[in-house]
Amino acid sequence: TDAITVIGGGLAGCEAAWQAARRGVSVTLHEMKPAKFSPAHSLPGLAELVCSNSLRGESLENAVGLLKQELRRAGSLFMAAADATRVPAGGALAVDRELFSAAITEKIDSHPLITVVRGEVAALPLDGTVVVASGPLTSDPLAVALQRLTGEYLYFYDAIAPIVTADSLEMDKIFAASRYGKGDGDDYLNCPLDQEQYDRFVAELLAADKVPAREFEKVVHFEGCMPIEELASRGHDTLRFGPMKPVGLVDPRTGREHHAVVQLRAENRERTLFNLVGFQTKLTWPEQRRIFPLIPGLGRAEFARLGSMHRNTFINAPRLLEPTFLLKGEPRIFFAGQITGVEGYVESAASGFLAGINAARLVRGEALTLPPPETALGALVHHITNTDARHFQPMNVNYGLFPDLPGRVKKKERRARLAERAMMALDDWLGNL
Ligand code: FAD
């Protein structure tokens, strides 16, 4: 058929449907609301912001500010609706949630090439081009169908450890070593703690404010994926026998092991980002910002993202998806939104934008397209589909994902230069589309 089926009328699904329809392709958009609501949704309209009404910072100092600017330039429905329904919020772009949803619903409902079908989808269409955009709270029957399609690579919970930028680490306090010298010597960076530092760290963890679990999120924590504060509460030395185990990590400067160690593992091939291994947490963000810098080497750490644990349906994108968001081995099924492992409202809409364009191109017999990696959109897509599949966890857009600038650039100017390069690359790409 020459039509596209989009499953899920959320942020990604609406953007995908809109972009495909703009390119002259007819779309059937399935949304289960209002017949059925996920535990986090409550408005009957499309494109519901389930929690905060903020689309985060506007400044190009933040990669999410750049991503929004790129989407505006590229003619995104999500951004047009956001700009039309914004409410004052200082340096952030916040919107009126009901007006935002109503604006998008009206645009989608009135588009002559888009048919909205209200009702739950329980199985994937057997033929035709499909965009799966059913979100982090995909309903159970569809999740079962997706599990059949993706095997063990569909997850229902994320456990995100904080990520720091490489250039904010105090390297004089850190040593490179793998446990028992296995693997490449410098696979891991290690932040050593003496007993006093460890004792203080554990005490702070125990006293810290935690985010309460929402009713539908009360999942039994499985071993190997426990929040660090939960481990700390089981006994003073539990962390030293778990994620902070010092055994087998010899400090080349002293030839000795430390009392405890926090390991950092590269998050991307460029080694610009490192995650704190095993440090998934439900501490509030201010508490994470206060407590993690107590770890030697992280005193001035810049957090590309903070830790969290959520109910979240997502697939192992680096294993399953082409960079175009097309499913490997099933080149008619695209994925879009949070289910691809992007994290956040703007990121979800952005992935819907790309999936929508490519779904239309597939139907029209045109070559699929990829945004340049220098753009925020391209950097995000590149990360999601190229990062190490063994440790895949959802990711926000951030400047650590961008390819380096050539030559030496002052740190202060770096972001402005990255943003400038991105907008030029974006214009080139859009011009060719
Ligand atoms: P959604 O916007 O959830 O859209 C999916 C749509 O598919 C929904 O409308 C759903 O009803 C529908 N659907 C599901 N299953 C079916 C089916 N079987 N058949 C038909 N329709 C179906 N990000 C932020 O940036 N800021 C936040 O504050 C924030 N808070 C969040 C809070 C919660 C509780 C959750 C779960 C996520 C939050 N996120 C937040 C992450 C993410 O940005 C949002 O979930 C975002 O809405 C994801 O967009 P999406 O299009 O992938 O999914």
Side-chain angles (χ1 to χ4, degrees), residues 5-18 28-57 62 64 67-68 77-78 82 92-95 97 100-101 104-105 108 116-125 130-146 156-158 160 211-217 219 285 305-306 308-315 317 325 334-353 355-356 384 394-397:
T5 303
V6 177
I7 305 175
L11 306 183
C14 289
E15 187 69 39
W18 183 257
T28 306
L29 174 64
H30 294 268
E31 168 53 53
M32 69 178 183
K33 298 191 299 178
K36 187 168 176 178
F37 285 91
S38 89
H41 288 82
S42 60
L43 298 177
L46 304 173
E48 175 174 354
L49 303 173
V50 286
C51 183
S52 158
N53 67 333
S54 170
L55 310 183
R56 321 215 299 282
N62 299 319
V64 74
L67 182 59
K68 287 196 284 283
L77 173 65
F78 173 87
L93 172 57
V95 303
R97 292 184 332 119
F100 175 79
S101 165
I104 291 193
T105 307
I108 295 277
V116 179
V117 177
R118 298 281 191 154
E120 184 179 20
V121 174
L124 288 161
V130 179
V131 179
V132 181
S134 46
L137 302 170
T138 293
S139 78
D140 291 343
L142 184 60
V144 169
L146 292 176
F156 295 96
Y157 214 73
D158 63 30
I160 290 174
V211 182
R214 301 171 59 150
E215 198 48 49
F216 64 95
E217 292 194 316
V219 179
W285 289 8
R305 72 168 300 170
L306 289 160
S308 64
M309 297 185 75
H310 287 117
R311 172 75 206 279
N312 189 9
T313 313
F314 69 103
I315 61 172
F325 286 162
F334 291 89
F335 280 77
Q338 185 102 353
I339 201 165
T340 64
V342 299
E343 168 70 36
Y345 294 153
V346 185
E347 289 87 342
S348 294
S351 75
F353 173 85
I384 291 299
M395 185 59 118
N396 283 120
V397 70

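Both counts, for ligands and for their atoms, begin at 1 and track the order of listing.
- Between Ser52 and ligand 1, at least one N/O pair is under 3.5 Å apart.
- To the nearest 0.5 Å, the span separating OG on Ser308 from CH2 on Trp285 amounts to 7.0 Å.
- Of all atoms in ligand 1, numbered sequentially from 1 with element shown, those under 4.0 Å from a heavy atom of Gln338 are 41 (C), 42 (C), 43 (O), 48 (C), 52 (O).
- Atom OG in Ser134 sits 6.5 Å away from atom CD1 in Ile7 (nearest 0.5 Å).
- Residue Ala336 has no N or O atom closer than 3.5 Å to an N or O atom of ligand 1.
- Distances shorter than 4.0 angstrom occur between a heavy atom of Ala133 and an atom of ligand 1.
- In this structure, the side chain of Arg56 does not engage the main chain of Tyr345 through any donor-acceptor pair within 3.5 Å.
- When all heavy atoms are compared, the tightest approach of Leu55 to Ala82 is CD1-CB, 3.5 Å.
- Note: no N/O pair closer than 3.5 Å links Glu343 and ligand 1 by distance alone.
- Residue-ligand proximity, Gly135 to ligand 1, at heavy-atom distances under 4.0 Å covers atoms 5 (C), 52 (O), 53 (O).
- Shown are Lys36, His30, Lys33; of these, the side chain to side chain donor-acceptor pair (under 3.5 Å) with Glu120 is made only by Lys36.
- Of the options Arg56, Glu120, Glu31, His41, the smallest heavy-atom separation from atom 11 (O) of ligand 1 is shown by Glu31.
- Checking only distances, Leu11 does come within under 3.5 Å of ligand 1, N or O to N or O.
- Of all the atoms in ligand 1, the ones that sit under 4.0 Å from a non-hydrogen atom of Ala12 are 51 (O).
- In this structure, Phe314 CZ and Gln338 CD are separated by 9.0 Å, a value rounded to the nearest 0.5 Å.
- Ligand 1 places these atoms under 4.0 Å from at least one heavy atom of Lys33: 11 (O).
- Considering both main-chain and side-chain atoms, Gly344 comes within under 3.5 Å of ligand 1 through a nitrogen or oxygen pair.
- Distance check: Leu11 CG to Leu49 CG gives 5.5 Å after rounding to the nearest 0.5 Å.
- Heavy atoms only, all atoms of each residue included: Leu137 and Ser38 are closest at CD1-OG, 3.5 Å.
- Atoms of ligand 1 found under 4.0 Å from any heavy atom of Gly337 (numbered from 1 in listed order, with element): 52 (O).
- Summarising the geometry, atom CD1 belonging to Ile160 is positioned 9.0 Å from atom CE belonging to Met395; distances are rounded to the nearest 0.5 Å.
- An N or O contact shorter than 3.5 Å is missing between Gly13 and ligand 1 by distance.
- Evaluated by nearest non-hydrogen atom to atom 35 (C) of ligand 1, the leading choice among Leu142, Val50, Thr340 is Val50.
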